[in-house]
Amino acid sequence: MSVRTRFAPSPTGYLHVGGARTALFSWLYARKMGGQFILRIEDTDRERSTEESVNAILESMEWLGLDYDEGPFYQTHQFARYKEVIQQLLDSGDAYFCDCSRERLGELREAQMANKEKPRYDGCCRDKKLAAADNTVVRFKNPLEGDVVIDDMVKGQVKINNRELDDLIIERSDGTPTYNLTVVVDDWDMKITHVIRGDDHLNNTPRQINILKALDAELPVYAHVPMILGDDGKRLSKRHGAVSVMQYKEDGFLPEALMNYLVRLSWSHGDQEIFSREEMIKLFDAVDINTSASAFNSEKLLWLNQHYIKNKNPDVLAQQMQNYIKNAGYTLDNGPDLTAVLTVFQERCNTLVELTEDIRFLYQDFDEYNAKQAKKQFKEATLPILESLKQQYSGLDNWVAEAIHQVVENTVNTLEVGFGKVGQPLRLAVTGHGKSPSIDVTLELLGKEKTLQRLEQAVEYIKKVSD
RNA sequence: GUUCAUGUAGACAAAUAGGUAAAAUCACCGCCCUUUCAAGGCGGAACCUGCGGGUUCAAUUCCCGUCAUGAACGCCA
């Protein structure tokens, strides 16, 4: 039988990196096994579910390239089916109506807690054979004895005694089904063979297995993957900065870098750190997922992002840069060819946003210099150097790197100064900061006209500051 | 509180079926390269495997206890 996995987020917010990693593992397993990956939106919490969140999840998955073969399915469209299954359980005697008030339940819980017991429903209505009424809920009749055994692909064998479980509610008094019932029904109906999800669900699994057994349904294989924590070891939350997948896109990360980073959390393949999409699929196996939670480390993500930007085809990169440049508020008009620029700039940045700022000076004039750099490089003594450069460059017709370099070389020799004394002020004069590829190719890209103009601007600036 | 899960350097993580001075990678430090910023090369520091017992000739790997963290115990998912 073909493998079928699913990702089942509830649309109560954006897709965060933890959810994305769970989706990734689930997707990888399906792809590796040549099976199907299904997307199911668990939107039965009507209070908190929003369409906006659904869209955010869909958009995030598309950006990451986590394509699904079926879905998205919505649980809110399946209410009739849940009703049907609940009725089936009622008919078979595996479920019953309960009219215990919330007050009674509350008191029961408090008494149990005070008694240092695990709070559980006491089965008050279990054998009352109550009929449906306005205020009744339906409870699942959990077995009283015996162990539930989970053969988890990542956690190994986990055994839980039925005495730890109680008769959970599967239908609320308003007639809607609860989570543990809906997952079971959907996974069953969708013929999910491998339930790959966060290990925060491990405790729910025995209940779900019991329902599945009552339904005489075949059990799926479970794989409970560890959580991702924030870099402080605490649970991931908004205060950890960019935890939303789309935020990483905005911040200039490449989807392949994020995917590569996420796949290495709780999973490894020997020494290998870099995995293409194809390699992940080929090498991934759920049994190689380790059992412990991991912390999200932004610095390593940055390193991977740099790696992927550095090795990206400049033409493709140029395409991707369009939006970032637009957002940065400048245009490519009257500037050098972007692909040519990226070819020499792409290896010296961590993110696309950073890259966008690095190349800005080629397309947009500026009137301020990096203060620290200006203080260091723009001294009175540099005036003659810049003026000499300006003069030589204005007479240079063959505007190519080699010739440009020759001018710097001449200046170094005739003025008898070090290379740094010429190159650095020159770089600052044309870029406004001090970060660029070698100065000759930088100037070639900038063009003669702008170079002269910026040299003039720098000379004026130094004169003004020196006064 | 009860139950379940987890605990190897700052982070990620490896260590054939227990095997004998605990890999790799990111970060950090130093050196080389260098026209800035990077990249790259070389080297270094850092864990005695949460802690305490036990089994064994030998334990990160098995067992018990303990501590810490997380999860479940909801008419949330």
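Below, all heavy atoms of this structure are taken into account, side chains as well, without hydrogens, waters or symmetry copies. Computed from a predicted structure; not experimentally measured. Numbered from 1 within each chain, the chains take letters A, B, ... in sequence-line order.
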Report task. In sequence, state the C-alpha distance, the side-chain angles, and the governing distance for A/Arg348 and A/Asp358, and then conclude on salt bridge (charged side-chain N to carboxylate O under 4.0 Å, His left out). Result -> CA-CA 9 Å; A/Arg348 27 177 54 85; A/Asp358 290 346; over 6 Å; no
Query raised in the report: So A/Asp186 and A/Gln75, side-chain hydrogen bond (donor to acceptor under 3.5 Å, both in side chains) or not? Walk me through it.
Result: CA-CA 8 Å; A/Asp186 285 336; A/Gln75 291 194 313; 2.6 Å; yes
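Distance noted for atom C1' between B/C47 and B/C12: 14 Å (whole Å). Taking atom C1' in both B/G19 and B/G40, one finds a spacing of 39 Å when rounded to whole Å. Nucleotides B/U6 and B/G65, compared at atom P, are 15 Å apart to the nearest Å. If you take atom C1' in B/C64 and the same atom in B/U55, they sit 11 Å apart, rounded to whole Å. Across the C1' atoms, B/A13 and B/A27 are found 14 Å apart, a figure rounded to whole Å. The P atoms of B/A9 and B/U61 are separated by 14 Å, rounded to the nearest whole Å. For the P atoms, the distance linking B/C42 with B/U60 amounts to 32 Å, nearest Å. Between the P atoms of B/G30 and B/A39, the separation comes to 15 Å (whole Å).
Of the inter-residue distances, the one linking A/Arg207 atom CZ with A/Asp166 atom CG reads 5.0 Å to the nearest 0.5 angstrom. With values rounded to the nearest 0.5 angstrom, A/Gln88 atom CD is found 11.0 Å from A/Ile86 atom CD1.
Among the protein residues, A/His433 comes within range of no part of the nucleic acid, since none of its heavy atoms lies under 4.0 Å from any strand. A/Gly420 comes within 4.0 angstrom of nothing in the nucleic acid, heavy atoms only. Base engagement by A/Ser436 is indicated by at least one non-hydrogen atom pair under 4.0 Å involving a base atom. Residue-level contact check: A/Arg102 touches the bases, meaning some heavy atom is under 4.0 Å from a base atom. Residue-level contact check: A/Asp200 touches the backbone only, with heavy atoms under 4.0 Å from sugar-phosphate atoms and none from bases. Residue A/His405 is in base contact, counting any heavy-atom pair closer than 4.0 Å across all strands shown. Nucleic acid contact for A/Glu273: base, since at least one base atom lies under 4.0 Å from a heavy atom of the residue. Backbone-only engagement by A/Ser10 is indicated by non-hydrogen atom pairs under 4.0 Å involving sugar-phosphate atoms exclusively. Across all strands, A/Val137 comes closer than 4.0 Å to base atoms (heavy-atom distances). Residue A/Gln306 is classed as a sugar-phosphate contact, given heavy-atom separations below 4.0 Å to backbone atoms only. As judged by a 4.0 angstrom heavy-atom cut-off over every strand, A/Glu117 is placed among the base-contacting residues. As judged by a 4.0 angstrom heavy-atom cut-off over every strand, A/Ser438 is placed among the base-contacting residues. Residue contacts shown for A/Asp174 are absent, as no nucleic acid heavy atom lies under 4.0 Å away. Using a 4.0 Å heavy-atom criterion, one finds that A/Glu299 contacts the sugar-phosphate atoms exclusively.
Classified by interplanar angle (parallel below 30°, tilted 30° to 60°, perpendicular above 60°), the ring pair A/Tyr369/A/Phe378 is perpendicular. Aromatic ring pairs are classed by plane angle as parallel below 30°, tilted from 30° to 60° and perpendicular above 60°; the pair A/Tyr222 and A/His224 is parallel. Ring planes of A/His433 and A/Phe361: perpendicular class, angle over 60° (limits at 30 and 60°). Between A/His269 and A/Trp267, the two ring planes are parallel [angle under 30°; tilted spans 30° to 60°].
For B/C75, its base sits under 3.5 Å from the side chain of A/Ser173 at one donor and acceptor pair at least. A donor and an acceptor atom never sit less than 3.5 Å apart when one is taken from the side chain of A/Asp199 and the other from the base of B/A5. In terms of polar N and O atoms assigned as donor or acceptor, the side chain of A/Arg264 never comes within less than 3.5 Å of the base of B/U25 in a complementary pairing.
In this structure, A/Arg40 forms no cation-pi arrangement with A/Tyr74, as its terminal cationic atom is not both closer than 6.0 Å to the ring centre and no more than 45° off the ring axis.
Applying the 4.0 Å criterion to OP1 and OP2 of B/A13, one finds that A/Ser266 has a side-chain N or O inside that range. At the phosphate of B/A72, neither OP1 nor OP2 sits under 4.0 Å from any side-chain N or O atom of A/Asn180. Using a 4.0 Å cut-off, some side-chain N or O of A/Lys310 falls inside it from OP1 or OP2 of B/G40. Under 4.0 angstrom from either OP1 or OP2 of B/G74 there lies at least one side-chain N or O belonging to A/Arg109. When the side-chain nitrogen and oxygen atoms of A/Asn203 are compared with OP1 and OP2 of B/U3, none of them lie within a distance under 4.0 Å.
Comparing B/A13, B/G74, B/C4 by their nearest atom to the side chain of A/Ser268 picks out B/A13. For A/Leu202, the side-chain atoms get nearest to B/A5 when compared with the rest of B/A72, B/C37, B/A5. Closest to the side chain of A/Thr44, from the set B/G74, B/A77, B/A11, is B/A77. Looking at the side chain of A/Lys116, the nearest of the listed nucleotides B/G1, B/U35, B/A14 is B/G1. Nearest nucleotide to the A/Thr291 side chain, out of B/G7, B/U25, B/A72: B/G7. The listed nucleotides are B/G1, B/U35, B/A13; the one nearest the side chain of A/Asp440 is B/U35. Each of B/U2, B/C26, B/A38 was ranked by its minimum atom distance to the side chain of A/Glu347; first place goes to B/A38. Out of B/G1, B/U36, B/A77, the shortest distance to the side chain of A/Gln75 is found at B/A77. Side chain of A/Ser292, nearest nucleotide from B/A5, B/U6, B/A13: B/U6.
Distance, A/Gln272 CD to B/C12 C1': 15 Å, rounded to whole Å. Atom CD in A/Glu171 sits about 17 Å away from atom C1' in B/G74, given to the nearest Å. Taking atom CG on A/Leu302 and atom P on B/C26, their separation rounds to 13 Å, with Å as the unit. Remark: C1' of B/A72 and CD1 of A/Ile150 are 12 Å apart, rounded to the nearest angstrom.
The salt bridge (Lys or Arg N to Asp or Glu O under 4.0 Å) check on A/Glu52 picks up nothing, with sequence neighbours excluded.
Annotated stems with RNA chain B as a participant read B:1-7 with B:67-73, B:28-32 with B:40-44, B:50-54 with B:62-66, given as range with range, by first number; only runs of 3 or more Watson-Crick or G-U pairs under 3.5 Å qualify.
Nearer the 5' end of RNA chain B, as judged by each residue's closest nucleotide, is the contact made by A/Val154, out of A/Val154 and A/Asn204. Toward the 5' end of RNA chain B, the nearer of the two residues A/Met113 and A/Tyr261, judged by each one's closest nucleotide, is A/Met113.
A salt bridge does not link A/Asp43 with A/Arg48: none of the charged nitrogens is closer than 4.0 Å to a carboxylate oxygen. Between A/Arg139 and A/Glu171 no salt bridge is recorded (no basic side-chain N to carboxylate O distance below 4.0 Å).
B/U35 has its base stacked against the ring of A/Phe419, the centroids being under 5.5 angstrom apart at an interplanar angle below 30°.
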